[in-house]
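Since the structure comes first, as structure tokens, the remarks are kept for the end.
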Amino acid sequence: MVETTQRFIRDIADRVGLDNVTEVHLFPPMRQGGVETGVAVIAAIVPDDDTIQKHTVFSANYRHTIKGPDRGKWEVDVRAEADAPLATVDDVVRGVMKRAGEQFEPERLTAGEVRTVVTDAGI
């Protein structure tokens with residue numbers, strides 16, 4: 001796993017909560033000009049105000065400037081999109097694939113694999 005992907009996963013875990021992550025679907029990064037972007041769909045169990053646990057589907061994206069005057073700039077956005085059953089995440093992932101118009105299979109990381117990436121990074 002490349003350093004940029006590890007950084008993205010650490011930022012996702014930081015914003016969603018490492019203990020809340022159920023799975024992460026990482027789409028292949030795209031480079032255009034001097035900028036790399038990446039997208040992920042995350043399923044997490046987030047306690048609400050009533051302490052009832054529910055699955056929340058998050059979308060996340062990053063923008064990493066590789067060349068030019070802003071070289072090194074890193075931006076991440078993580079947003080809660082919906083509350084849904086875990087099975088719905090697969091539908092969301094297929095929808096992203098369809099909109100991208102490419103035949104690729106996103107990388108699926110389990111909660112344990114996400115934890116490994118984060119803890120191996122010293123967090």
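Classification of Glu75 and Lys73 as a salt-bridged pair holds, one side-chain N sitting under 4.0 Å from a carboxylate O.
A continuous path of hydrophobic side-chain contacts links Val118 to Val21 [ILVMFWY only; heavy atoms under 4.5 Å]. The hydrophobic clustering, which links ILVMFWY residues whose side-chain heavy atoms are closer than 4.5 Å, places Val76 and Ile42 together.
Under the side chain to side chain donor-acceptor pair (under 3.5 Å) criterion, the residue pairs touching residues 62-72 are Glu36-Tyr62, with sequence neighbours excluded.
With 3.5 Å as the limit, one finds a donor-acceptor pair spanning the side chains of Ser59 and Glu81.
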- Message: side chain to side chain contact (heavy atoms under 4.5 Å, CB included), that's the test. Do His25 and Glu23 meet it? Break it down for me.
- Response: CA-CA 7 Å; His25 297 263; Glu23 62 185 28; 2.9 Å; yes
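The two residues Ala40 and Val24 come nearest to each other via the heavy atoms CB-CG1, 4.2 Å.
With Val41 as the fixed residue, the side chain to side chain contact (heavy atoms under 4.5 Å, CB included) test singles out one of Val93, Leu26, Asp90: Val93.
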What pairs of donor and acceptor atoms, side-chain ones from residues 1-9 against any protein atom, are under 3.5 angstrom apart with sequence neighbours left out?
none

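Take Arg15 and apply the salt bridge (Lys or Arg N to Asp or Glu O under 4.0 Å) test, not counting sequence neighbours, and it matches no residue.
Taking CG of Asn20 as the reference point, atom CD1 of Ile45 lies at 8.0 Å (rounded to 0.5 Å).
Looking at heavy atoms from C-beta onward, Val35 lies in side-chain contact with Thr37 at the 4.5 angstrom threshold. In this structure the side chain of Val114 never reaches within 4.5 angstrom of the side chain of Val117, judged on heavy atoms.
Judged by distance alone, the side chain of Asp14 and the main-chain N or O of Arg10 form no donor-acceptor pair under 3.5 Å.
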